[in-house]
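Okay, structure first, notes after.
Computed over heavy atoms, backbone and side chain alike; hydrogens, waters and symmetry mates excluded. Residue numbers start from 1 in every chain, and the chains themselves are labelled A, B, ... in the order their sequence lines are given, proteins ahead of strands.
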Protein chains: 2
Amino acid sequence: MTIPRAAKTLRRTRIQEEKEEQILEAALDVFSASGFRGSTIDQIAEVAGMSKPNLLYYFRTKEAMHRALIDRVLYTWLEPLRAFDAEGNPETEIRSYIRRKLEMARDFPRESRLFANEVLQGAPHIEDELKGPLKELVDEKAEVIRAWAKSGKIVKCDPYHLIFSIWSTTQHYADFDVQVRAVLGQEHSGEGRFEDAARFLEQLFIGGLRPPDPLGG
Amino acid sequence: MTIPRAAKTLRRTRIQEEKEEQILEAALDVFSASGFRGSTIDQIAEVAGMSKPNLLYYFRTKEAMHRALIDRVLYTWLEPLRAFDAEGNPETEIRSYIRRKLEMARDFPRESRLFANEVLQGAPHIEDELKGPLKELVDEKAEVIRAWAKSGKIVKCDPYHLIFSIWSTTQHYADFDVQVRAVLGQEHSGEGRFEDAARFLEQLFIGGLRPPDPLGG
DNA sequence: GGATAATTTGACCGATTGGTAAACATTACA
DNA sequence: TGTAATGTTTACCAATCGGTCAAATTATCC
C-alpha cells in the first residue's frame, strides 16, 4: 500500500528532489508572471513538463506549491539587506546595497515579480513574513541608519523611507521591466541600462544623503 | 427587435451612463486587487450590485471592461507628468512633481495598482499605450531635464532614470501599501506617512540633484 | 528476479469560469 | 396610453478550474 503524497517519507528520494526542484522552477515562472490567482496548476504542469496529477503528488495543493516557493525564495531575497553593515562606511554601504539590489533585479527578476505580485494583491499569503521577519530586519537596519544620521555621517532623514526608496527604485527595473523597455525604446534597452541605472541611483542617493558640510567648502 | 448591446446607440441613455459608471467603479476595485486574469466577472458583478448578464449587456467581454477602464484612467494618470513645466524652476518643478505623484498614490491607490498589475504581468493589454503616448510624453519631459542638466541648473544625470526613480518611489506607497504598513507597524501607519514620505523624497531628490557649487561655499 | 515501495498517468469529479439565449420588465416617447 | 426600444434576469452552455482515484508503470533492494 502506498501512503499518499511524497511528504510521508522522512528521507527524500533523488527523484523527489529533482522533481520538486523542477516543479518549483516552473511554478516560479508561472506565479511570477500571473500572480497566484491568475496562475493555474495546468500551466505549471506544462512548463514543468509533467502531468497535473504528478505535480499534485509532490505538492498537495496549489497553495502548498506557492508556500514552498515563497519559503525557498524569501531568505535569499533578503540577503542584500542582511549584508548591510553597521560598522562600514555609510557611503560605501549604501552604494553597495544599491548595487546588490540592482544585481538581483537583473539576475532574479522572477523572484522580484513573485513578491511584487503577492504584495500588490494584498499579501494574502505572506502577511506574517512581512510583519515578522521582514519588519524585524528592517527595524534593525533602520536603527543603524538612524545612528549614522545622528552622528552626522549622513543627512538627517527617516531611515524607513530611505530603505523604501532603495527598494522601490531598484526593484522597479525587474517589476516594471516592460515599461522601462517601452519608454527607453530599443536603443537603450540592452543590458547596459542596469549600468546606467546604477550610476544614476548611486549619484542620487550619495548626493541626496551627503551631510551638509559644516565648513562650507 | 432589440439590437444587442448598449454600444449600438450613438446617444447614450441616462441609465447607460449611470450603469457604466457603476460597473467601471466596481471593475477598478476588482482588477486593481487581483489583476486581469485573477479577476472574475462575477466578482465585479457582485461589487457593482448587479447580475452578470447585466454587466455583459454594457460591456461585451471582460476584456472590453478592462479596456474601457484603462482608457478612462490612463489620461488622468499621466496628468502630473504632463504638468511638468520646462519654463519653471527645476527645484520647484521636481518638488511639485513628487508631491503630485504622492498625492495620487494616496488618493488613487486603485488606479496605481491597476497599472502596476498590468505592467507587472507583462502589459499584455497596454503595450501600445506604453510604447506610444507614454514614451512620447516621457521623451519630451526628458528633453527638458536634459537641458536643465546641460545648463548646470541640476547635476548631470540620465533624465529617464530620474523619471523612473520618481515614479517608483512615489507609486511604491500605493502599490506596496501593505508592505509599507507592515514594516512601519501601527505607530507610523497613519496618513502621516505620506507627509513623512514627501519630506524624505523631496530632501533626497533636491539634495541628490543639486548641482555642485562652483564656488565651493 | 521478484516483492515492495515509489512514481506516473488517464479518466474523472464538482465547482467555477466567460459568455449566451430568450423571456420578462421597464422606460421613453408619440 | 400604447408601443417600441431599452434594460434586466433566469436558466443555461461549453471550457476550464483545483483536485481525486485507481490502475499502470518504474525504481529499489533483498
Side-chain angles (χ1 to χ4, degrees), chain A residues 1-27 29-31 33-69 121 124-125, chain B residues 1-27 29-31 33-69 121 124-125:
Chain A
M1 187 249 308
T2 137
I3 307 168
R5 313 305 172 193
K8 72 292 182 178
T9 39
L10 293 193
R11 273 181 61 121
R12 295 176 46 197
T13 312
R14 172 184 53 88
I15 294 184
Q16 272 174 39
E17 277 182 37
E18 286 176 12
K19 289 300 167 84
E20 285 176 14
E21 172 67 35
Q22 226 179 99
I23 292 170
L24 289 182
E25 167 69 21
D29 248 45
V30 175
F31 282 135
S34 306
F36 183 77
R37 292 215 49 199
S39 302
T40 71
I41 302 183
D42 296 86
Q43 285 173 15
I44 300 173
E46 194 186 331
V47 173
M50 47 180 105
S51 67
K52 177 166 63 169
N54 203 3
L55 281 210
L56 292 164
Y57 173 72
Y58 292 100
F59 298 94
R60 304 233 276 265
T61 63
K62 185 178 156 186
E63 286 224 45
M65 276 176 36
H66 192 255
R67 170 88 272 148
L69 189 57
Q121 303 188 3
H125 305 95
Chain B
M1 187 237 332
T2 137
I3 306 171
R5 314 302 172 195
K8 72 292 183 183
T9 37
L10 293 194
R11 274 181 61 123
R12 295 176 48 200
T13 313
R14 171 185 53 87
I15 295 184
Q16 271 173 40
E17 275 181 40
E18 286 176 9
K19 290 300 168 86
E20 285 176 14
E21 171 68 34
Q22 227 178 99
I23 293 169
L24 289 183
E25 167 69 20
D29 249 46
V30 176
F31 281 136
S34 307
F36 182 78
R37 293 215 49 200
S39 302
T40 71
I41 303 183
D42 297 84
Q43 285 174 15
I44 300 173
E46 194 185 332
V47 174
M50 48 178 105
S51 67
K52 178 165 65 169
N54 203 2
L55 282 210
L56 291 165
Y57 174 73
Y58 291 100
F59 297 95
R60 305 235 275 264
T61 63
K62 188 179 156 187
E63 287 226 40
M65 276 175 36
H66 192 256
R67 170 88 274 147
L69 188 57
Q121 303 189 1
H125 305 95

How many Å lie between CD on B:E17 and P on C:dA28, as a whole number?
13 Å

Which heavy atom of A:A48 sits nearest a heavy atom of A:L55, and at what distance?
CB-CD2, 4.4 Å

Rounded to whole Å, the NZ-P distance (B:K52 to C:dA21) equals 15 Å

Identify the two heavy atoms, one from B:S39 and one from B:V30, that lie closest to each other, and give their separation to 0.1 Å.
OG-O, 3.3 Å

Mind calculating the distance between CD (A:E63) and C1' (D:dC17) to the nearest angstrom?
15 Å

Any donor-acceptor pair, under 3.5 Å, between the side chain of B:K62 and the base of C:dG19, if you only look at N and O atoms?
no

Would you kindly give the CZ-to-C1' distance between A:F59 and C:dT7, to the nearest whole Å?
15 Å

Between CD of B:E46 and C1' of D:dT9 the distance, given in whole Å, is 17 Å

For the residue pair B:L24 and B:M65, what are the closest heavy atoms and their distance?
CD2-O, 3.9 Å

Answer yes or no: does a side-chain N or O of B:Y58 lie under 4.0 Å from OP1 or OP2 of D:dT8?
yes

Rounded to whole Å, how long is the line connecting atom CD1 of A:I23 with atom P of D:dG18?
15 Å

Figure out the CD/P separation between A:E20 and C:dT8, and round it to whole Å.
11 Å

Is any side-chain N or O of A:N54 closer than 4.0 Å to OP1 or OP2 of C:dT9?
yes

Residues in side-chain contact (heavy atoms from CB on, under 4.5 Å) with A:N54, at least two apart?
A:M50, A:S51, A:Y57, A:Y58

Compare all side-chain heavy atoms of A:F59 with those of A:H66 and state whether any distance is below 4.5 angstrom.
no

Residue closer to the 5' end of DNA chain C, A:S51 versus A:R37 (nearest nucleotide)
A:S51

Write down the atom of B:S34, the atom of B:Q43, and the distance for their closest heavy-atom approach.
OG-OE1, 4.4 Å

May I ask you to verify whether the side chain of B:K19 and the base of D:dG7 hold a donor-acceptor pair under 3.5 Å?
no

Quick one: which protein N/O atoms are closer than 3.5 Å to N/O atoms of nucleotides 13-16 of chain C? Pair and distance per line, please.
none

Where do A:F31 and A:K62 land on the side-chain contact (heavy atoms from CB on, under 4.5 Å) test, with the steps shown first?
CA-CA 10 Å; A:F31 282 135; A:K62 185 178 156 186; 4.2 Å; yes

What is the distance, rounded to the nearest whole Å, between atom CD of A:E18 and atom P of D:dT26?
17 Å

Can you find a side chain N or O atom of A:Y57 that sits less than 4.0 Å from OP1 or OP2 on C:dT8?
no

Taking only side-chain N and O atoms of B:Q16, does any of them lie within less than 4.0 angstrom of OP1 or OP2 on D:dT6?
no

